[in-house]
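None of these values were measured; they are calculated from a predicted model. Protein chains get the first letters and strands the later ones, always in sequence-line order, with residue 1 at the start of each.
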There are 2 protein chains.
Amino acid sequence: MIRLLIADDQALVRGAIAALLGLEPDIEVVAEVGRGDEVLAAALESRADVALLDVDMPGLDGIAAAAEVRAAAPACRVLMVTTFGRPGYLRRALQAGAGGFVVKDTPARQLADAVRRIHRGLRVVDPALAAETLTSGESPLTGRETDVLRAASHGGTVASIAQATFLSEGTVRNYLSSAMGKTGARTRAEAVRAAEDNGWLL
Amino acid sequence: MIRLLIADDQALVRGAIAALLGLEPDIEVVAEVGRGDEVLAAALESRADVALLDVDMPGLDGIAAAAEVRAAAPACRVLMVTTFGRPGYLRRALQAGAGGFVVKDTPARQLADAVRRIHRGLRVVDPALAAETLTSGESPLTGRETDVLRAASHGGTVASIAQATFLSEGTVRNYLSSAMGKTGARTRAEAVRAAEDNGWLL
DNA sequence: GCACCGCGATGACATTTGTCATGCCCGATA
DNA sequence: TATCGGGCATGACAAATGTCATCGCGGTGC
């Protein structure tokens, strides 16, 4: 019997996945949570064998939650599930100790198999996403560039970004410019979008 | 027996919801599709009583699909499901003939009840979202303002927006400026975000 | 008919943004 | 140690963006 923990912020999806996997004879759903910062406690208390974690969650994102689980409950393996197949997500999830990574538009019947593979210690990675990750490479953005771009992602002015990052306005413009160069964007908004699509802002 | 059609672009979610509702004794899932432009044909062919439609789908968005279904298969009632509780979505969904509207973070067990209510011709609307919709009001944006803002939502320059909308650059700047005024935004990107959050760009 | 309103357009203007040359600091390397 | 390179920071300058006043056109409604 595989003891499974499910973490997803959308209650409907969480419950539906629980119902789907609950139909499997060898899987038992022992915990369901809707926030990243509740994952670890639930994993410990329920003694789950496998944790199915969504990347986008309030409180703590799924990748950080995966790292927590791997550190404090090494017996519990992690399978990440996400809506967005972003190269950077896959890379960081695996670095955080996740055993697998699937996107939400994979066929439903494959999910149970993925859980079983993870439980046996095997790796499960979407092949297309893996290829994309390998070709896209790691983030070319430097630390401050990432900070500034993340601050810019809400759409504010340079002045507000400068305040948020404790930098001079000129410096902010500089980092934005350099980030735009590296992403091939002609606009700040394009750069933000490109970086988000690659998962470089986490 | 309620004959149910499920439309959602994420195969995993679609399958999981099918599994969840398939457990109900009085519900039978008779069709599953992953694109908006496949909804109508599937509804007709499967003679579904209720269509469960996600808003975000490729091909044709769920609201347009709902209008199609109501026009060509009036016997099939529509329940919209969405990730984002945007005021404008609810308004337009109901105008398109949907009988109900639920967000994906409602508890899973309520979904079956919602389907039954819809089947009986009742209305199902998330109360919090309804309140937000009523207070936020209809879109204050004029047609062209919406067009320009939508074209701007990808982050391009004024020149590219002008090309895409067949307008002069000055005119584009004017519409952007006026949209920014109406949304209370200080930046084009902020205006885009505000309009998206309200569902005004659909 | 006439006022009104949304749409499309223009040009001038002040601000904001993006680009560039430059300098500092620190760690790596010859 | 001397030098090099990369990340970090700044200010000046050019280009783009946002703002404003104004105009003509075509419907709508009184």
Side-chain angles (χ1 to χ4, degrees), chain A residues 88 91-92 136-202, chain B residues 88 91-92 95 137-202:
Chain A
R91 179 183 302 275
R92 305 189 68 148
S136 96
E138 213 158 342
S139 171
L141 300 175
T142 171
R144 288 283 184 259
E145 283 165 1
T146 307
D147 291 343
V148 169
L149 215 50
R150 193 182 359 252
S153 68
H154 305 303
T157 71
V158 170
S160 63
I161 301 170
Q163 268 200 327
T165 53
F166 304 102
L167 292 176
S168 135
E169 294 195 11
T171 307
V172 168
R173 285 204 286 276
N174 228 337
Y175 283 131
L176 286 175
S177 180
S178 133
M180 285 159 56
K182 288 178 179 174
T183 55
R186 286 186 298 117
T187 296
R188 183 189 328 185
E190 267 181 22
V192 167
R193 186 166 290 257
E196 273 179 348
D197 286 349
N198 282 305
W200 291 338
L201 301 188
L202 185 49
Chain B
R91 180 183 302 277
R92 304 190 65 152
Q95 283 172 350
E138 215 160 339
S139 171
L141 300 174
T142 176
R144 293 294 174 262
E145 282 165 1
T146 306
D147 291 343
V148 170
L149 215 50
R150 192 180 1 250
S153 68
H154 305 304
T157 72
V158 169
S160 64
I161 301 170
Q163 271 200 329
T165 54
F166 304 103
L167 293 176
S168 134
E169 294 195 12
T171 306
V172 167
R173 286 207 288 271
N174 270 335
Y175 282 130
L176 286 175
S177 180
S178 126
M180 285 159 56
K182 288 178 180 174
T183 55
R186 280 224 158 274
T187 297
R188 193 189 320 186
E190 265 182 24
V192 166
R193 187 165 290 257
E196 274 179 347
D197 285 350
N198 282 305
W200 292 337
L201 300 187
L202 187 45

Separation of atom [atom1] in [X] from atom [atom2] in [N], rounded to whole Å:
X: A/Asp147; N: D/dA9; atom1: CG; atom2: C1'; answer: 14 Å
X: B/Phe166; N: C/dA9; atom1: CZ; atom2: P; answer: 12 Å
X: A/Leu141; N: D/dC8; atom1: CG; atom2: P; answer: 11 Å

side-chain contact (heavy atoms from CB on, under 4.5 Å), paired with B/Leu176, selected from B/Val148, B/Val192, B/Thr171: B/Val148
A/Glu196 side, atom CD; A/Leu149 side, atom CG - distance, nearest 0.5 Å: 8.5 Å
Straight-line distance of A/Leu167 CG to A/Tyr175 OH, nearest 0.5 Å: 6.5 Å
Check whether B/Arg188 reaches the backbone of B/Arg173 with its side chain - one donor and one acceptor, N or O, closer than 3.5 Å. no
Check the surroundings of atom CD in B/Gln95: do more than 12 heavy atoms from other residues, nucleotides or ligands lie under 6.0 Å from it? yes
Taking any heavy-atom pair under 4.0 Å as a contact, classify A/Thr171: base, sugar-phosphate, or nothing. base
Applying salt bridge (Lys or Arg N to Asp or Glu O under 4.0 Å), can you list everything that pairs with B/Arg150, at least two apart in sequence or on another chain? B/Asp147
Base, backbone or nothing for each nucleotide of nucleotides 11-21 of chain C, written B, S, -, heavy atoms under 4.0 angstrom, 5' to 3'? ------BBBBB
Phosphate OP1/OP2 of D/dA9: any A/Arg144 side-chain N/O under 4.0 Å: yes
